[in-house]
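Sequence positions, counted from 1, serve as the residue numbers for this chain. In listed order, ligands and their atoms are each counted from 1. Because only heavy atoms are used, hydrogens play no part in the values below, and waters and symmetry mates are left out as well, while side chains stay in.
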Amino acid sequence: MTSPLRNDRFLRALRREPVDCTPVWLMRQAGRYLPEYRATRARAGSFLGMAKNPEVACEVTLQPLARFDLDAAILFSDILTVPDAMGLGLYFVDGEGPKFQRPIRDAAAVAQLAVPDMETELGYVMDAVRLIRRELDGKVPLIGFSGSPWTLACYMVEGGGSKDYARIKAMALNAPQALHRLLEVVTDAVVAYLAAQRAAGAQALQVFDTWGGVLSPAMYREFSLPYLSRIARELERGEGAQRTPLILFGRGNGPYVAELAATGTEGVGVDWTIALEEAVRAGGGRVALQGNLDPTTLYGTPEAITTEVGKVLDSYAAGNGGSREGHVFNLGHGMSPDMNPDHVAVLVDAVHRLSRR
Ligand code: CP3
């Protein structure tokens, strides 16, 4: 048996119910900016070694919660576990980011792909979710996550990070059926992956469409949005207060908030390139909004951070008829390794203090 939740602000905000203050968590809240993370990583040997060991993944997930008054935990893992389990051979080169041994470059390679088994090939992720839930013991909810089909396909086709996405965009132009077939099988895998995390105990689910914003509007509506929409439609997540909320986050998704809200998702996460006020209006009262402080604000002084936090909170309320309900505070994207942990404490406390009802 797991304990009842002692802090449910985050889940209440996603249901757009009243809360005592605005909940906050930060993308990449467990990471290299924390000395205790660097110590665990040195002991574990590598990032993938950490992610594939449930005890270590659990330890690292809990590290930021021991320091800061965060309102949610996020599973320590990576979006690239899914293509790795599909046989692409994930590895990391220091300073160069993620790479695949066997990228997907043509229809023949796409045809070889299958949805991996969640409890065997990705069993280490589900074991980590179960262990983290047990260790959290109801302190805050646990967020599970996946990459979006488009973002995963970017890494699978490019074979790693990319400056211009030339290979996958060429595939979109020259072999659109092969790319759609790839996005279909990846979407099947993402739906199964999120469902398995939910069954293992994840209390909210976020999809990271990190690279949706590199597409033209026409291409976004052909290659990213329909697959996000399929996830929102097909992912079984319960009813009423028991429903496991889904958040669709994307870099550069500001122009598409109305369309994302229409997918049936409970939350939309936006980056800092759209005023939250406009995002709330575009959401039309159908979704909760998550975001959207520019992460580089953490390089500012404590005074500057506090001012900027206030602006984000007030921008949300301005778009929402003066009400702060339905807002989950976050950065517009992940934290960087050179950020100061003391500044994170300032940010978290400012969110709670300035939004106290
Ligand atoms: O938010 C969290 O705290 C949860 C953990 C998490 C990680 N990656 C840990 C991680 C999450 C949610 C991700 C998602 C992820 N991974 C995304 C989508 C979100 C985003 O940031 O846009 C993407 C694009 C990836 C792929 C990936 N994994 C990249 C580009 C990198 C950075 C490589 C580098 O050398 O900087 C990773 C590695 C990674 N994932 C780290 C962490 C903490 C750094 C690992 C390390 O070297 O210790």
Checklist entry - Near Asp94 CG, under 6.0 Å, is it more than 12 heavy atoms from other residues, nucleotides or ligands? => result no
Next on the checklist: So is Tyr155 touching ligand 1 or not, going by heavy atoms under 4.0 Å?
Outcome noted: yes
Next on the checklist: Only heavy atoms of Leu75, strictly under 4.0 Å: list the atoms of ligand 1 that pass.
Outcome noted: 4 (C), 5 (C)
Checklist entry - What atoms in ligand 1 come closer than 4.0 Å to a heavy atom of Thr210? => result 18 (C), 19 (C), 20 (C), 22 (O)
Next on the checklist: Between Arg221 and Glu259, does any NZ, NE, NH1 or NH2 come within less than 4.0 Å of an OD or OE carboxylate oxygen?
Outcome noted: yes
Checklist entry - So which heavy atom in the protein is nearest atom 26 (C) of ligand 1, and how far is it from that ligand atom? => result Asp78 OD2, 3.6 Å
Checklist entry - When the aromatic ring centroids of Phe76 and Tyr37 are compared, is their separation below 6.0 Å? => result yes
Next on the checklist: In this structure, would Leu131 and Leu48 fall into the same cluster of hydrophobic residues linked by side-chain contacts under 4.5 Å?
Outcome noted: no
Checklist entry - Would Ser77 count as a contact of ligand 1 if the rule is a heavy atom under 4.0 Å away? => result yes
Checklist outcome for this item: Near Phe76 (heavy-atom distance under 4.0 Å), the atoms of ligand 1 are 43 (C)
Checklist entry - Are Tyr155 and Phe100 near enough that their ring centres are under 6.0 Å apart? => result no
Next on the checklist: One residue to check: Arg41. Relative to ligand 1, which of side chain, backbone, both or neither has a non-hydrogen atom less than 4.0 Å away?
Outcome noted: side chain
Item to check | Pairing of Glu59 and Arg43 as salt bridge, 4.0 angstrom limit | outcome: yes
Item to check | Atoms of ligand 1 close to Phe208 [distance to a heavy atom under 4.0 angstrom, numbered from 1] | outcome: 12 (C), 18 (C), 19 (C)
Checklist entry - Which bit of Met27 gets closer than 4.0 Å to ligand 1, counting heavy atoms only: side chain, backbone, both or neither? => result backbone
Next on the checklist: Can you tell me how the ring of His333 sits relative to the ring of Phe249, calling it parallel under 30°, perpendicular over 60° and tilted otherwise?
Outcome noted: parallel
Next on the checklist: Please work out, at 4.0 Å between heavy atoms, whether the side chain, the backbone, both, or neither of Thr151 comes within that distance of ligand 1.
Outcome noted: neither
Checklist entry - Which atoms of ligand 1 are found less than 4.0 Å from any heavy atom of Tyr37? => result 43 (C), 45 (C), 46 (C), 48 (O)
Checklist entry - Taking the six-membered ring for Trp, are the ring centroids of Tyr227 and Trp150 within less than 6.0 Å of each other? => result no
Checklist entry - Which part of His333 is near ligand 1, with near meaning a heavy atom under 4.0 Å away: side chain, backbone, both or neither? => result side chain
Item to check | Non-hydrogen atom of Gly334 closer than 4.0 Å to ligand 1 | outcome: no
Checklist entry - For the rings on Tyr299 and His343, is their centre-to-centre separation under 6.0 Å? => result no
Checklist entry - Salt bridge between Lys139 and Asp71, side-chain N to carboxylate O under 4.0 Å? => result no
Next on the checklist: Please list the nearest protein heavy atom to atom 31 (C) of ligand 1 with its residue and the distance rounded to 0.1 Å.
Outcome noted: Arg28 NH2, 3.8 Å
Checklist entry - Below 3.5 angstrom, do we get any N/O pair linking Gln29 and ligand 1? => result yes
Next on the checklist: Under a 4.0 angstrom heavy-atom cut-off, which atoms of ligand 1 come close to Ala30?
Outcome noted: 3 (O), 43 (C)
Item to check | Residue-ligand contact Pro98/ligand 1, heavy atom below 4.0 Å | outcome: yes
Checklist outcome for this item: Under 4.0 Å between heavy atoms, the region of Pro337 that gets near ligand 1 turns out to be neither
Next on the checklist: Counting only heavy atoms closer than 4.0 Å, does ligand 1 sit against the backbone of Arg251, its side chain, both, or neither?
Outcome noted: neither
